[in-house]
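To keep things clear, I will list the structure first and then write my remarks on it.
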Amino acid sequence: MTTVYNFSAGPAVLPEAVLQTARQEMLDYQGTGVSVMAMSHRSDTFQSILYHAEQDLRLLLDIPANYKILFLQGGASAQFSQTAMNLAHGFARIDSVVSGNWSQIAHREMGKLVGAKVHLAADGGARYGFLDVPPPESWDISPDSAFVHFVANETVHGVQYGRMPRLADGLPPLVCDMSSEILSRRINVADFGLIYAGAQKNLGPAGATIVIIRDDLLDRCPDTVPAVWRYKAHVEKQGMYNTPATYPIYIAGLVLRWLHAQGGVDKIERLNRRKAETLYAAIDGSGGFYQNLIAAGARSKMNVVFTTGNADLDKRFAQEADLVGLRQLQGYKTLGGMRASIYNAMPLAGVEELVRFMDEFRRRNG
Ligand SMILES: *Cc1c(COP(=O)(O)O)cnc(C)c1O
């Protein structure tokens with residue numbers, strides 16, 4: 001049997017050890033006689049699962065005590081507007097940085113249902129064709145804005161802030177979509193007002209969205225916003241305002257425990273760098289057969305996009321790779337080419353196998 005490596009952009013690869021544990025515990029979670037899927041979210045057992053998931057996340061990212069952690073639903077897409085509904089009340093302006101597909105969608109969604117106008121603080125499309133990210137020094141932001149929104153890693157375009165932006169004191173809180181990179185590298189949580197991430201890229205299955213919010217920001221949201229959309233309502237009920245996505249939270253908890261066992265974020269960051277360097281070296285060393293046009297400092301360490309420049313050949317690449325167990329390498333539907341998503345759970349061996357296939361494919365077609 002061939003070993004399968006899954007390069008899907010999301011829902012994405014999960015650690016095999018996590019899936020093994022989930023399988024063992026599927027019908028009977030630790031002697032309770034009940035599956036996690038079928039137990040009350042208010043049971044002591046599930047409360048403990050949620051508590052440990054939160055604590056593990058807090059430890060892994062070194063999250064300060066004045067930040068609350070929530071596991072919400074609706075995906076990162078819900079956060080595009082939920083952030084504004086909660087943080088922009090009484091403000092005239094939101095600053096929004098566009099650096100790729102997801103920040104562009106966020107930019108369009110953010111101003112709906114709120115009075116604040118969304119100001120395009122930087123346009124990575126017009127300026128760089130999404131082949132580089134607008135540097136924070138170039139962002140046109142106002143101290144009076146409700147917040148500044150950006151996406152740390154653009155999953156579709158394969159661009160990432162190599163150095164994580166931070167704003168000077170006195171500027172509005174930074175709100176960041178880290179869906180496709182959370183826990184892939186060391187960050188300083190205190191530099192952000194709010195961080196959110198859909199679980200299905202680097203953290204677990206689809207269905208849970210992590211929100212990490214500085215607690216003073218909770219009071220910005222008026223009671224006229226329906227409770228299910230109000231972060232504070234979820235915080236006040238310890239994440240039990242309504243039924244949370246219990247099974248995705250359980251799996252995310254297993255992934256967090258797995259990450260601890262791997263040596264934590266610093267260790268995985270080193271491995272992620274090695275994986276990305278291996279893959280980009282193969283692209284750059286292919287004598288032009290494979291290309292990645294992204295500026296060196298903005299090349300994503302999570303989503304590596306590349307192309308042969310020939311749509312038919314690209315298609316054949318993904319098809320033939322699939323036959324040897326290298327799955328889901330086709331590029332995003334509107335961009336074409338190839339995309340290898342190499343999240344935390346992708347082992348170095350998977351990247352090395354991909355590089356071997358790339359060399360062999362080039363020899364046959366170059
Ligand atoms: C996948 C993704 C999203 C969308 O997530 P949904 O869970 O489908 O809403 C948003 N932002 C980024 C950076 C993503 O990678």
Side-chain angles (χ1 to χ4, degrees), residues 6-14 70-86 94 96-110 112 118 122 124-125 130 132-134 147-162 164-165 174-185 187 192 194-212 228-229 231 244-245 247-249 251-252 255 272 276 294 298-305 328-335 339-346:
N6 173 12
F7 294 91
S8 169
V13 57
L14 287 166
L70 293 171
F71 292 87
L72 302 179
Q73 299 183 59
S77 300
Q79 294 309 310
F80 295 162
S81 49
Q82 193 172 356
T83 47
M85 286 158 70
N86 277 264
I94 298 167
S96 153
V97 174
V98 171
S99 58
N101 173 72
W102 290 112
S103 46
Q104 200 160 44
I105 297 172
H107 181 79
R108 286 201 296 266
E109 292 296 306
M110 214 170 288
K112 297 179 180 175
V118 182
F130 296 136
D132 200 351
V133 290
F147 59 87
V148 179
H149 180 272
F150 78 105
V151 175
N153 178 65
E154 282 284 0
T155 322
V156 170
H157 286 91
V159 289
Q160 182 176 29
Y161 279 91
M164 191 61 93
L174 261 184
V175 171
C176 184
D177 177 354
M178 293 195 191
S179 294
S180 50
E181 74 146 83
I182 193 158
L183 294 157
S184 71
R185 58 171 160 170
I187 57 164
F192 300 87
L194 188 152
I195 294 166
Y196 63 89
Q200 73 272 23
K201 313 293 171 39
N202 218 6
L203 201 60
T209 310
I210 299 243
V211 173
I212 302 166
V228 75
W229 296 112
Y231 297 132
Y247 202 76
I249 291 170
I251 301 286
V255 171
N272 285 336
I294 304 212
R299 283 176 154 187
S300 171
K301 295 186 178 67
M302 296 278 101
N303 311 98
V304 178
V305 294
Q328 314 207 56
L329 282 160
Q330 69 286 353
Y332 189 72
K333 54 187 192 267
T334 53
L335 289 189
R339 172 173 53 170
S341 296
I342 50 174
Y343 300 119
N344 285 353
M346 172 59 66

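Keep in mind that this is a model prediction, so the values were computed, not measured. When a ligand or atom number is given, it counts from 1 through the structure's own listing order.
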[Y] versus [X], side-chain donor and acceptor atoms under 3.5 Å:
X: N153; Y: S180; answer: yes
X: H149; Y: S96; answer: no
X: N6; Y: Q328; answer: yes

Next item on the list: Taking only heavy atoms of the protein into account, state which residues are under 4.0 angstrom from an atom of ligand 1, in chain and number order.
Entry: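 Residues G75, A76, S77, F80, W102, V151, N153, T155, D177, S179, S180, Q200, K201 each place a heavy atom under 4.0 Å from ligand 1, listed by chain and number.
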To the nearest 0.5 Å, what is the distance between [atom1] on [X] and [atom2] on [Y]?
X: R185; Y: M178; atom1: CZ; atom2: CE; answer: 7.5 Å
X: F192; Y: I212; atom1: CZ; atom2: CD1; answer: 9.5 Å
X: Q79; Y: C176; atom1: CD; atom2: SG; answer: 12.5 Å

